[in-house]
Amino acid sequence: MDGADLLAAQRLRYDVFVDELGAVGPMVDHEQRLERDRFDAHATHFILRDIRRKADEQVIGVYRVMTEAAAAAAGQFYCEDEYDLTRLKTSGHRLLELGRSCLHPDYRGGPAMMYLWAALAGFVAEQKIDLLFGVASFHGTDVQALAAPLSLLHARHLAPQDLRVTAKSPGAQPMDLVPQGDIDRVAAMRATPALIKAYLRLGGLVGDGAFVDRAFNTVDICLILPTEAVKALPRQPNGGAG
């Protein structure tokens, strides 16, 4: 991946995270319309192109991943600002952090994410990764408006103690906001973003607590994909978690 590819990925990230979702903060370069941060220099970036589009508009999907070596070079994993990862980092598993996943609006709901996941699956096998993790987001920062989906995730998908990362203050918020018996599961799942639902179908688990990220205008959860889920990642774009 060359510098032009990275810039194209950062431009798509700007379109999605800034224009569409309202992210603000030091990672946003409004003049050049780029969303970028210090972790980009250390991470591995997957990009998806549609070569039928104009040359400067071909990048329609991106994914950023960080190995343990990359995190060491950067000084930390990206989501360590939000979550205490001690249990993961001392688990003995080979870790890979997922982040900055986004698609151009015209390609959502189709096979585009499967193509990115196929590339990710190959990388996971090559690097002998045991455990995937990373933050995934709900749009907006009103935790009460997300009480039902957050409560459902806490009730049904909480990670076991040995993998249960915890949200850090001051952004930490409890997820068990609605008694389990009072949760409207259908409505809660309807309010859950498609990427989070896809991770859950792969066997994804969640950490303890949500994190309100006001710079990104999101409420984040930490998703953990254990070994069995890693093996289930689709190696072909029409496989797996569609």
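As the structure is a computational prediction, the values presented were derived from the model and not from experiment. Sequential numbering from 1 along the given sequence is applied to the chain's residues.
- Between Tyr107 atom OH and Leu116 atom CG the span is 12.5 Å, to the nearest 0.5 Å.
- Counting only heavy atoms from C-beta outward, the side chains of Phe216 and Leu21 never approach each other to under 4.5 Å.
- Between Leu48 and Val59 the shortest side-chain heavy-atom distance does not fall below 4.5 Å.
- Between Ile183 and Ala148 the shortest heavy-atom distance is CG2-O, 4.1 Å.
- In this structure, the separation between CG on Leu98 and SG on Cys79 is 9.5 Å, given to the nearest 0.5 Å.
- The side-chain heavy atoms of Phe46 and Val62, taken from C-beta on, include no pair separated by under 4.5 Å.
- Applying the side chain to side chain donor-acceptor pair (under 3.5 Å) test to every pair with at least one member in residues 166-194, sequence neighbours left out, gives no pairs at all.
- Between Ala167 and Ala210, the shortest heavy-atom distance links the atoms CB-O, 3.5 Å.
- We find that Arg164 and Asp84 are not joined by a salt bridge, their nearest charged nitrogen and carboxylate oxygen being 4.0 Å or further apart.
- Separation of the Tyr199 and Trp117 ring centroids falls under the 6.0 Å cut-off.
- Every residue meeting the side chain to side chain contact (heavy atoms under 4.5 Å, CB included) condition with Gln76, not counting sequence neighbours, appears here in chain and number order: Arg38, Phe39, Glu80, Asp81.
- Both the sub-6.0 Å distance and the 45° axial angle are satisfied by Arg64 relative to the ring of Tyr78.
- With sequence neighbours left out, the ring-ring contact (aromatic ring centres under 6.0 Å, His included) criterion links His154 to no other residue.
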For a side-chain contact (heavy atoms from CB on, under 4.5 Å) check, start with the C-alpha distance between Phe138 and Thr218, then their side-chain angles and the critical distance, and finish with the verdict. CA-CA 5 Å; Phe138 290 85; Thr218 58; over 6 Å; no
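- Here side chain to side chain donor-acceptor pair (under 3.5 Å) pairs that include residues 15-29, with residues two or more places apart or in two chains, are Asp15-Arg33, Asp19-Arg33, Glu20-Arg108, Asp29-Gln32, Asp29-Arg36.
- In this structure, CG on Leu163 lies 13.0 Å from CG on Asp208, to the nearest 0.5 angstrom.
- Checked against the 6.0 Å centroid threshold, Phe133 and Tyr83 do not count as a close aromatic pair.
- Looking at every heavy atom in both residues, Ala215 comes nearest to Met27 through O-CE, 3.8 Å.
- Within the structure, every pair that satisfies the side chain to side chain donor-acceptor pair (under 3.5 Å) test and touches residues 122-139, not counting sequence neighbours, is listed here: Ser137-Asp220.
- For the residue pair Gly207 and Ile224, the shortest heavy atom distance occurs at N-CD1, 4.3 Å.
- The shortest heavy-atom contact between Leu88 and Leu131 is CD2-CD2, 3.6 Å.
- Residues His45 and Gln10 are not in side-chain contact: their nearest non-hydrogen atoms beyond the backbone lie 4.5 Å or more apart.
- Salt bridge status for Arg87 with Asp162: absent, with no side-chain N to carboxylate O gap under 4.0 Å.
- Within the 3.5 Å criterion, the main-chain N or O of Met66 finds no donor-acceptor partner in the side chain of His42.
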Determine, stepwise, if the pair Cys222 / Val206 fulfils side-chain contact (heavy atoms from CB on, under 4.5 Å). CA-CA 6 Å; Cys222 189; Val206 300; over 6 Å; no
Run the side-chain contact (heavy atoms from CB on, under 4.5 Å) check on Val219 and Phe211 step by step: do they pass? CA-CA 6 Å; Val219 172; Phe211 186 92; over 6 Å; no
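- Residues Met175 and Leu146 form no side-chain contact, since every pair of their non-hydrogen atoms from C-beta on lies 4.5 Å or further apart.
- No single ILVMFWY cluster, assembled from side-chain heavy atoms under 4.5 Å apart, contains both Leu150 and Leu205.
- To the nearest 0.5 Å, atoms CG (Leu202) and CG (Leu132) are separated by 9.0 Å.
- Between Val135 and Leu223, the closest side-chain pair of non-hydrogen atoms is not below 4.5 Å.
- Separation of atoms CZ (Arg214) and OG1 (Thr141) is listed at 4.5 Å; rounding is to 0.5 Å.
- Listed by first and then second residue, the salt bridge (Lys or Arg N to Asp or Glu O under 4.0 Å) pairs involving residues 94-107 are Glu35-Arg100, Asp37-Arg100 (not counting sequence neighbours).
- By the 4.5 Å heavy-atom criterion applied to side chains, Leu200 and His157 are counted as neighbours.
- For Ser101 against Phe17, the heavy-atom pair with the smallest separation is O-CZ, 3.8 Å.
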Go through Lys89 and Leu95 one step at a time and tell me if the side-chain contact (heavy atoms from CB on, under 4.5 Å) criterion holds. CA-CA 8 Å; Lys89 293 169 69 174; Leu95 305 176; 4.2 Å; yes
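- The CG atom of Leu6 sits 9.0 Å away from atom CD1 of Ile47, with the distance rounded to the nearest 0.5 Å.
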